[in-house]
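Notes follow once the structure below has been shown.
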There are 2 protein chains.
Amino acid sequence: MRSTIKDVAQLANVSTATVSNVHTGAKNVSEELRTRILWAMEVLGYEPNVVARSLKINKTFRIGIIVPDITNPFFSEIVKEIDTAVSKKNYQLVLFSSDYDVKKEFQFYASLVMGNGVDGLIMVAPRMEESQFKLNRSIPLLVVDRPAFFDGISDIAFVYADNYAGAFLMASLLLKKKYKRFACIAGPETVPNANARYEGFKAKLTEAGYSSNEIEVIRREFSFIDGYEAMMKLLEGYDPAKQKMAVFACSDISAWGAIEAVNSKGLMIPEDIGIAGYDNIYFAKFIQKGLTTIENPTKDMGGEAGELMLERLSNNRPFESSPVILESSLKERETV
Amino acid sequence: MRSTIKDVAQLANVSTATVSNVHTGAKNVSEELRTRILWAMEVLGYEPNVVARSLKINKTFRIGIIVPDITNPFFSEIVKEIDTAVSKKNYQLVLFSSDYDVKKEFQFYASLVMGNGVDGLIMVAPRMEESQFKLNRSIPLLVVDRPAFFDGISDIAFVYADNYAGAFLMASLLLKKKYKRFACIAGPETVPNANARYEGFKAKLTEAGYSSNEIEVIRREFSFIDGYEAMMKLLEGYDPAKQKMAVFACSDISAWGAIEAVNSKGLMIPEDIGIAGYDNIYFAKFIQKGLTTIENPTKDMGGEAGELMLERLSNNRPFESSPVILESSLKERETV
DNA sequence: ATGAAAGCGCTAACAC
DNA sequence: GTGTTAGCGCTTTCAT
């Protein structure tokens, strides 16, 4: 059986309060008792029970984090940054992978938000409807990589990048490169940022005189295989000699899939077709000699998110800040 | 303030024991009381406090997991599999990324293993010395992707693949393909499986008549950039016309880096040089039209690990099983 | 079937 | 500076 604070107190001939004081440092303890207590702890191999402590002080030093898919480099990079930030203050991360499933996502969210298993919750690129965020909550909620929404929801914060602007930038580049035909492999309509990217892309093109229905759009999941399949469809009857096409895949992972599809057809990039991505994941610079993409500031998002949550948890005052909106920028490489 | 079991009991005019019984289902409760209690819960928005519950029943339904780097696809794939397995029984994963740092790894391990924050601990590809595992432990430990060691350590289990055999397989293929010159970009010497791969590779080559010092070896971290740099070094003064080389990079991620190095020099794969990897990460089939590699059974390892831990936690009897050793197989593709 | 009450291991008033 | 003790919110034995 593991030894408790009582055992230590008994062996050291002191009260449990004094034992508690030596490892919380809440009060001063005389040198004599301190050494005796330390000795007793050593002898008994005592480690404080964190569960009991949590119950008493009503704090777990744990933060929940929900991501759509931990194997997606974009998300794992964010998780890593957040982890780095919060572990400096000894917070732990409880990880949930929702598998892009809104139902699961909501389940995790609901169970975390009501119980007291964690001190705070971070949701990365959540897909739930806005109304679902209205659950009565006892812990702060931080939403990363999704535009802010305001509905009288309290103790909520947002960190995200301007995806509309990012996609706008990409369209500008494509125009500059003299492309005349455009396609967009967009993300699911349930993902706000997927829409922002598509809209930003369309906006620039419209500004340049193209009409909406001139832009082919295929909506798929943000995944390698979906990018591949979407591109295969786009390539049906495609003849680069007639009219060269630029396709904007709205995530690097689907751009990568798209590139493989093009390669499998024996077409050259960018000679026969241009491909652009979005996110600038770590691997992007190695895909097809360098994928042209938009820098989605992963590190900044993760870092900001971690710091924000830490701050919220230490001063213990509900979030009130305005959303943190980060800049996106163009990473021009070889695929366009 | 959040409502407690007491509030519910009061409102429903019953004892706390009865309230407890309705959501644990430990005892039967009459239909009348049950409905009244359910109603009271509803009214108060009651959610049981999981921390208090944990303290009482001495169980957290949480499993700690320590990986070297969550952004490495190999590890994130394992984490995902484990998560899938354990979440079926409502266990949560507390994630730690050690950053390939043995000190950090040991810290996490020590703090988890002594306290009661988690019911069990899974370590993926740990780098600690065997002696460090001898800490007095109150929870079961499961080591994944590292060969078993036996030192009278109790309540420990192992799930891993035979890396020696895998690397042996790769050497056989390279021999069959008529390569005459061999190099190995091996992992750190502190990683048992890195050594197993190098040894297995060497063993087959030795068997075929090559001597140890004919095999160039560079030891680096398992990362993209390390693979890149190692290959750059290997390429100094390299002339494919004289003698074509096969290089076995001991992880897909470093093989990928190596490939980029080769590409940057304008050499052709596999015409000018052969490159092989190890792990068969998801992306492997898309690297350079398909990276020839060894299937490291990620899914099986993750699944087995999850199930094993679940079983251990439910029957509550210390691990005693012999190590689970999985098969590796060759994935022959285009780079060799 | 239901309730009273002890107690999981700890912290923090409060008293000395 | 040190000890006593109530109590965090829950489960569970033991009466009834």
Side-chain angles (χ1 to χ4, degrees), chain A residues 1-41 44-62 111 114-119 138-139 316, chain B residues 1-38 40-41 44-62 90 111 114-119 138-139 316:
Chain A
M1 209 48 205
R2 304 197 41 211
S3 52
T4 71
I5 197 170
K6 257 187 179 165
D7 302 323
V8 177
Q10 211 162 357
L11 182 59
N13 238 304
V14 296
S15 74
T16 60
T18 309
V19 176
S20 175
N21 282 331
V22 359
H23 60 235
T24 60
K27 277 187 180 178
N28 259 357
V29 177
S30 71
E31 220 25 73
E32 191 200 340
L33 292 197
R34 148 170 273 105
T35 35
R36 230 162 64 209
I37 289 168
L38 256 22
W39 165 82
M41 287 178 171
L44 297 172
Y46 170 74
E47 281 296 319
N49 183 324
V50 296
V51 178
R53 179 161 211 272
S54 285
L55 178 60
K56 180 64 191 178
I57 68 179
N58 197 26
K59 190 159 170 51
T60 64
F61 283 94
R62 249 175 273 123
S111 72
M114 313 290 300
N116 348 33
V118 295
D119 295 339
S138 53
I139 57 169
N316 211 15
Chain B
M1 209 49 204
R2 303 196 43 210
S3 52
T4 72
I5 197 170
K6 256 187 179 167
D7 302 324
V8 177
Q10 209 162 359
L11 182 58
N13 238 306
V14 295
S15 75
T16 59
T18 310
V19 176
S20 176
N21 281 330
V22 359
H23 61 234
T24 60
K27 277 186 178 177
N28 258 356
V29 177
S30 70
E31 221 24 74
E32 191 199 340
L33 292 198
R34 148 169 275 106
T35 35
R36 230 161 64 208
I37 290 168
L38 257 22
M41 287 179 170
L44 297 172
Y46 170 74
E47 281 295 318
N49 183 325
V50 295
V51 177
R53 180 162 211 271
S54 286
L55 177 62
K56 181 66 193 175
I57 69 179
N58 197 26
K59 191 161 172 44
T60 63
F61 284 93
R62 249 174 273 126
N90 288 310
S111 71
M114 313 290 300
N116 349 33
V118 295
D119 296 340
S138 53
I139 56 169
N316 211 17

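Reminder, nothing fancy here: chain letters follow the sequence lines and each chain counts from 1.
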Original post:
For A/Lys6, does the NZ atom sit with more than 12 other heavy atoms under 6.0 Å from it, leaving out its own atoms?
Top reply: no

Handout entry: Evaluation steps, side-chain contact (heavy atoms from CB on, under 4.5 Å), between B/His23 and B/Ile37
Key = CA-CA 10 Å; B/His23 61 234; B/Ile37 290 168; over 6 Å; no

query = With a non-hydrogen cut-off below 4.0 angstrom, is A/Thr24 in contact with a base, only sugar-phosphate, or nothing?
reply = sugar-phosphate

Within residues 12-21 of chain A, those residues having any heavy atom closer than 4.0 Å to DNA chain D are A/Asn13, A/Val14, A/Ser15, A/Thr16, A/Ala17, A/Thr18

Residues A/Ser138 and A/Gly115: closest non-hydrogen pair is OG-O, 3.8 Å

(message) As a quick check of understanding, evaluate side-chain contact (heavy atoms from CB on, under 4.5 Å) for B/Ile5 and B/Ser20, giving each step before the final call.
(response) CA-CA 7 Å; B/Ile5 197 170; B/Ser20 176; 3.9 Å; yes

Overall bend of the helix from C/dA1-D/dT16 to C/dC16-D/dG1 (five pairs an end, 10° steps) is 40°

Taking every heavy atom of B/Val118 against every heavy atom of B/Ile139, the minimum-distance pair comes out as O-CG2, 3.4 Å

- Task: Carefully, step by step, assess A/Leu11 and A/Val8 under the rule side-chain contact (heavy atoms from CB on, under 4.5 Å).
- Result: CA-CA 5 Å; A/Leu11 182 59; A/Val8 177; 6.0 Å; no

Correct closest heavy-atom pair for A/Val29 and A/Asn21 would be CG2-CB, 3.8 Å

Correct closest heavy-atom pair for A/Leu44 and A/Ser3 would be O-OG, 3.2 Å

When B/Glu31 and B/Lys56 are each assigned the nearest nucleotide of DNA chain C, the 5'-most assignment goes to B/Glu31

So the salt bridge (Lys or Arg N to Asp or Glu O under 4.0 Å) pairs with at least one residue in residues 25-41 of chain A (sequence neighbours excluded) are A/Glu32-A/Arg36

Footprint ends on DNA chain D, 5' to 3', for atoms under 4.0 angstrom from a heavy atom of chain B, come out as D/dG9 to D/dC14

Just to be sure I understand the rule, does B/Leu55 reach a base, reach only the sugar-phosphate, or reach nothing, if contact means heavy atoms closer than 4.0 Å?
base

Taking for A/His23 and for A/Lys27 the nucleotide of DNA chain C with the nearest heavy atom, the one nearer the 5' end belongs to A/His23

Span of DNA chain C engaged by chain A, first through last nucleotide within the 4.0 Å heavy-atom cut-off, is C/dG9 to C/dC14

### Task
Give one of base, sugar-phosphate or nothing for B/Val51, where a contact means two heavy atoms less than 4.0 Å apart.
nothing

So OG1 of B/Thr16 and CD of B/Gln10: to nearest 0.5 Å the spacing works out to 11.0 Å

Those residues at least two apart in sequence (or on a different chain) that pass side chain to side chain donor-acceptor pair (under 3.5 Å) with A/Thr60 are A/Asp119

*side-chain contact (heavy atoms from CB on, under 4.5 Å) between B/Thr18 and B/Ser15, worked out*: CA-CA 5 Å; B/Thr18 310; B/Ser15 75; 3.2 Å; yes

Practice prompt. Just call it for A/Val29: base, sugar-phosphate, or nothing, with non-hydrogen atoms closer than 4.0 Å on any strand.
Written response: sugar-phosphate

Check: Distance only, no hydrogens: is a donor on one side chain within 3.5 Å (strictly under) of an acceptor on the other, for B/Asn49 and B/Arg2?
Finding: no

